[in-house]
Number of protein chains: 2
Amino acid sequence: MGGLNVVDLTTAIENFNRYYIRLPSVQQLSFTTLSVLDALVSGGPKRLTELVKTEQISQPGLTQLVTRLERDGLVERRPDPADGRAVLVHLTEAGRAVRQARQDERERRLAPLIARLTPGEREAIASALPALTRLAELGAEAEAQA
Amino acid sequence: MGGLNVVDLTTAIENFNRYYIRLPSVQQLSFTTLSVLDALVSGGPKRLTELVKTEQISQPGLTQLVTRLERDGLVERRPDPADGRAVLVHLTEAGRAVRQARQDERERRLAPLIARLTPGEREAIASALPALTRLAELGAEAEAQA
DNA sequence: CGCGATACATAAGGAGCTTATATATGTCCG
DNA sequence: CGGACATATATAAGCTCCTTATGTATCGCG
């Protein structure tokens, strides 16, 4: 009672993700791409270095990703007034719109499924979200130390 | 009270996945690769066609993936006695071991994080897992119809 | 038996990652 | 205050893994 089995958690997440991860986005954007857009929405303009820490990808990989995003008009590179070496990655309006569209798409797909759950199931998931979020935070922390 | 907001769900999952998805595996195996191994573990030998339905990837993509898995000894192709056109993909012992190793790795990484949650948080997550699993099933169903 | 459907494979090309390395700017110490 | 080391980003080369288009073999059925 009250025990959280790690295998149960990973199995459930794995099953959920098998469906969820593949949810097509409006344009075909990679997981990492969307993760970067998310990071910029919630945290404002960021240096490449900061993004490298949270997105688990190499620095050159991120440079290239930002280059692609810039080419597609979703993002802008601006110099950091405080540091001549650094670049601040700004989200453009188009970038914000794409992210929103993706969010809407997911809502459109998930809402009818959620409607088919029982009230108890909905309640159970809702109650778990804060804890899941905290788990992710702890994970990010642990990652940052290493 | 009791309402499950779609945006809250996707946000929480997104945050969790940002950490979780990138958890390095023993060898560097892609998300799709592991998903296929999972499918074979839980469902036994399968035709390529069956796998194409659940793994959201093109048929040639899956053929290539299975070829790589076979090259790495994780999987074997055997003829389907019932249908000369078909191939049955069997998991090898090595494949099973790799999947188990990945599971262990995740356990090793997640367990200390889970230990830092409060009992209430652990309970909340544990209670949500059946509902999450059902949500994934509903998603897979919906997908299959389309 | 032969024709459309089904199961899988092959080919060509591109996206997106990796490691190794280059370039520019900042920091700090003697 | 000049040079050495550190930091922030970019470039290059290469590989993995996906895509679409197409080929080949077997099945099922009139």
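Between E50(B) atom CD and dA7(C) atom P there is a gap of 10 Å when expressed in whole angstrom units. Between the NZ atom of K46(A) and the C1' atom of dT9(D) there is a distance of 18 Å, given to the nearest Å. Taking atom CG on L34(B) and atom C1' on dC17(D), their separation rounds to 14 Å, with Å as the unit. Regarding L51(A), its CG atom lies at a distance of 13 Å from the P atom of dA8(D), rounded to whole Å. R78(A) places its CZ atom 21 Å from the P atom of dA8(D), with the value rounded to the nearest Å. Between the P atom of dA10(D) and the CD1 atom of I57(A) lies a distance of 13 Å, rounded to the nearest Å. Atom-to-atom, CZ of R47(A) to P of dA8(D) comes out at 6 Å; the value is rounded to the nearest Å.
Considering only residues two or more places apart in sequence or on other chains, R134(A) meets the side-chain hydrogen bond (donor to acceptor under 3.5 Å, both in side chains) condition with E121(B). Here N5(B) pairs with nothing under the side-chain hydrogen bond (donor to acceptor under 3.5 Å, both in side chains) rule; sequence neighbours left out. Every residue meeting the side-chain hydrogen bond (donor to acceptor under 3.5 Å, both in side chains) condition with R108(A), not counting sequence neighbours, appears here in chain and number order: E105(A). The side-chain hydrogen bond (donor to acceptor under 3.5 Å, both in side chains) test applied to Q59(A) returns T63(A), not counting sequence neighbours. The salt bridge (charged side-chain N to carboxylate O under 4.0 Å, His left out) check on D104(A) picks up nothing, with sequence neighbours excluded. Residues meeting the salt bridge (charged side-chain N to carboxylate O under 4.0 Å, His left out) test with R85(A), sequence neighbours left out: D83(A). Remark: S58(B) engages P60(B) in a side chain to side chain contact (heavy atoms under 4.5 Å, CB included) (not counting sequence neighbours). For E76(B), the salt bridge (charged side-chain N to carboxylate O under 4.0 Å, His left out) partners at least two apart in sequence or on another chain are R78(B). Shown here are the salt bridge (charged side-chain N to carboxylate O under 4.0 Å, His left out) partners of E70(B), two or more places apart in sequence or in another chain: R77(B).
Listed by residue number, R85(A), A86(A), V87(A) are the residues of residues 79-87 of chain A with a heavy-atom contact under 4.0 Å to DNA chain D. Residues of residues 58-71 of chain B having a heavy atom closer than 4.0 Å to DNA chain D, listed by number: S58(B), P60(B), G61(B), Q64(B), R68(B).
Here the nucleotide nearest the side chain of R77(A), chosen from dT19(D), dA10(D), dA7(C), is dA10(D).
Distance alone, capped at 3.5 Å, places no donor-acceptor pair between the T33(B) side chain and the L29(B) backbone.
Over its full length, the helix from dC1(C)-dG30(D) to dG30(C)-dC1(D) turns its helical axis through 10°, comparing axes from the five pairs at each end and rounding to 10°.
Each of E107(B), R102(B), Q103(B) was compared with T10(A) under the side-chain contact (heavy atoms from CB on, under 4.5 Å) criterion, and only Q103(B) meets it.
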